[in-house]
Engineer: 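I'd like to ask you about the structure that follows.
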Number of protein chains: 2
Amino acid sequence: MPTQPLARLSAAEAVFNAIRADIESGTVAVGGKLSSEASLSQQYGVSRSVIREALRSCTALGLTVTKTGKGTFVVANKVANDLTLGHYSAGDLTEARPHIEVPAAGLAAVRRTEDELGTMRHIVAAMITETDPESWVALDSSFHAAIARASGNKVFASVVADIRGALAFQSETLNMVAARQHASDSEHQRILAAIEAGKADEASHAMAEHLRAVGVALDSILNH
Amino acid sequence: MPTQPLARLSAAEAVFNAIRADIESGTVAVGGKLSSEASLSQQYGVSRSVIREALRSCTALGLTVTKTGKGTFVVANKVANDLTLGHYSAGDLTEARPHIEVPAAGLAAVRRTEDELGTMRHIVAAMITETDPESWVALDSSFHAAIARASGNKVFASVVADIRGALAFQSETLNMVAARQHASDSEHQRILAAIEAGKADEASHAMAEHLRAVGVALDSILNH
DNA sequence: CTGTCCGGCTGTCTGACAGGTTCACGCTTA
DNA sequence: TAAGCGTGAACCTGTCAGACAGCCGGACAG
């Protein structure tokens, strides 16, 4: 790449870099909320337009999600490499997930390391005590991603990481959480138990059942 | 189209999607210049702020660059996605592909458009007369990618596009081609016929059989 | 050929209003 | 009285209109 003579940054670029740095360095945690546009505007000494353009850049890179009336939330601490096809629809996800996560769960039961098991245990435990829906959803996607990684197959791991990003963009997910949280918790525990026990069929089955239940719940919301 | 966006798009998102589509479809050529913010604003019937936010998103994705006093120029027709290519092992691919491509073939049989069918026919026809192994492999991956796109599910389309990149880097595939080319051609024809006929089960079955055969052939080479 | 000027474009600011979200306060009801 | 309800205020994002400065390229005059 040809290095160009240090172009002077526009204010919007400077603000974007600052916010991005805050996110990638962990100064603002994943799941956390950024200050409001108005206060960022004051903090950086620029107008709200500039702040909004910077936030758009973050959103385009998949780092943040902005919700009307609520604020801007951090959903990833690094740029994902799956931006090519845009975001998946809820229908696409519901349709595709079983084909990927069910076999992944089966493989995870056979291949998981102790470290991976520890991660999963930690996540499931945290979910049970978590009351904030946004945080819970973040943990949920972490759990599914952890299983895919534990499958030892990078294709599965990559797809689920993809899906994880897409889920964060779907507000339906959040709406569904309140009703599904308890049921999901126990379903997760069953999946984890099967993976711990090294029982592939059970893990696959538990995952299939979980995804089916989630699909039904989502469906009832979307067609309500 | 079975699955469509369920979430209401904000104006900025809608404009972003439109501009991105123009770029990715080639309506605006790489190297070309977009209309000025003012005229885009008029064209889409939104304020300049909205246009600027959409352009920021394009810039963040690396599709465009904006130069003060000159305008916004297209520098790429797709989002760069360098990080995932070629990361998957042959074993990962053999293991994961059936779980994705088999259901995708089934869906394609039900959802494919005439255009997509035409593309697939063209590819299969070209493969039969193709003698150069490299070109044949390129067509092969195009065929699999076309089926995934025709499934109408972006998750499947994305994964197979990914896999396609990885396949091109695997020399085993090339070594295998000589022996498999003829068999693959007829397997492809069977898959295509089932998709043309709209028979989902047959399409899935033909794809499963094809992938199994490929897997066996690959295995015999790797363990030789 | 050169220097100047003008028209077009981006960068940024200000101020305003609509509509979504949250929460507490006060009123209703069992 | 206590639990529940709803209603409005405060805060937030989404969008708009208008304005001005600075950059860029080309036209035009010297």
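Numbered from 1 within each chain, the chains take letters A, B, ... in sequence-line order. What you see is a predicted model, and the numbers here were worked out from it, not measured in a lab.
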Engineer: To the side chain of A:Thr68, which of D:dT13, C:dC13, C:dT10 is closest?
Structural biologist: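 Per side-chain heavy atoms of A:Thr68, the pick is D:dT13.
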Engineer: Look at A:Arg48 and C:dT14 and indicate whether a side-chain polar atom (N or O) is within less than 4.0 Å of OP1 or OP2.
Structural biologist: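 Answer is no, no contact under 4.0 Å.
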Engineer: For A:His210 and A:His205, I'd like to know if the aromatic rings sit close, meaning centre-to-centre distance below 6.0 Å.
Structural biologist: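 So the answer is no for these two rings.
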Engineer: Checking contacts here: which listed nucleotide (C:dG11, D:dT15, D:dT13) is nearest the side-chain heavy atoms of A:Thr66?
Structural biologist: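 Nearest to the side chain of A:Thr66 among the choices is D:dT13.
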Engineer: Starting from the C-alpha separation in whole Å, work towards a yes-or-no answer on salt bridge (charged side-chain N to carboxylate O under 4.0 Å, His left out) for B:Glu196 and B:Arg121.
Structural biologist: CA-CA 9 Å; B:Glu196 278 180 320; B:Arg121 286 197 192 100; 2.4 Å; yes
Engineer: Write down the distance between CZ (B:Arg52) and C1' (D:dT15), rounded to a whole number of angstrom.
Structural biologist: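 For the pair B:Arg52 CZ and D:dT15 C1', the rounded distance is 15 Å.
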Engineer: Apply side-chain hydrogen bond (donor to acceptor under 3.5 Å, both in side chains) to residues A:Thr64 and A:Thr72 and explain how you reach the verdict.
Structural biologist: CA-CA 7 Å; A:Thr64 61; A:Thr72 300; 6.0 Å; no
Engineer: Side-chain N or O of A:Lys70 versus OP1/OP2 of D:dT13: is the shortest distance under 4.0 Å?
Structural biologist: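 So the side-chain polar atoms of A:Lys70 never come under 4.0 Å of the phosphate oxygens OP1 or OP2 of D:dT13.
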Engineer: Are more than 12 heavy atoms, taken from residues, nucleotides or ligands other than A:Glu209, located less than 6.0 Å from that residue's CD atom?
Structural biologist: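 Enclosed.
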Engineer: Tell me: CD of B:Glu37 to P of C:dT12, nearest whole Å?
Structural biologist: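 Taking atom P of C:dT12 as the reference, CD of B:Glu37 is at 11 Å.
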Engineer: How long is the line joining NZ of B:Lys67 and P of C:dT10, in whole Å?
Structural biologist: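 That distance rounds to 13 Å.
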Engineer: Quick one: which of D:dC16, D:dC23, C:dT12 gets closest to the side chain of A:Val50?
Structural biologist: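 Side chain of A:Val50 sits closest to C:dT12.
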Engineer: In terms of the nearest nucleotide of DNA chain D, which residue is placed more toward the 5' end: A:Ser49 or A:Thr72?
Structural biologist: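 That would be A:Thr72.
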Engineer: In this structure, how many angstroms lie between the C1' atom of D:dT15 and the CZ atom of A:Arg56, rounded?
Structural biologist: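 Computing the A:Arg56:CZ to D:dT15:C1' distance gives 11 Å.
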Engineer: Expressed as a whole number of angstroms, how long is the span from A:Phe16:CZ to C:dT12:C1'?
Structural biologist: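 In whole Å, C:dT12 C1' lies 19 Å from A:Phe16 CZ.
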Engineer: Figure out the CD1/P separation between A:Ile51 and D:dC12, and round it to whole Å.
Structural biologist: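 For the pair A:Ile51 CD1 and D:dC12 P, the rounded distance is 14 Å.
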Engineer: Give a yes/no on whether any side-chain N or O of A:Ser47 is located under 4.0 angstrom from OP1 or OP2 of C:dC13.
Structural biologist: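 Answer yes for this pair, as a side-chain N or O of A:Ser47 is under 4.0 Å from OP1 or OP2.
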Engineer: Taking the side chain of B:Glu53 as heavy atoms from C-beta outward, which of D:dT13, D:dT15, C:dT10 is closest to it?
Structural biologist: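 Closest of the options to the side chain of B:Glu53: D:dT15.
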Engineer: Whole Å only: how far is the CD atom of B:Glu13 from the P atom of D:dT13?
Structural biologist: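 Those two atoms, CD and P, are 15 Å apart.
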Engineer: For A:Arg52 and A:Glu37, what are the C-alpha separation, side-chain angles and deciding distance, and is it a salt bridge (charged side-chain N to carboxylate O under 4.0 Å, His left out)?
Structural biologist: CA-CA 7 Å; A:Arg52 280 182 63 79; A:Glu37 295 174 356; 3.0 Å; yes
Engineer: Quick one: B:Lys33 NZ to C:dT10 P, roughly how many Å, whole number?
Structural biologist: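 Spelled out: NZ on B:Lys33 to P on C:dT10 is 6 Å.
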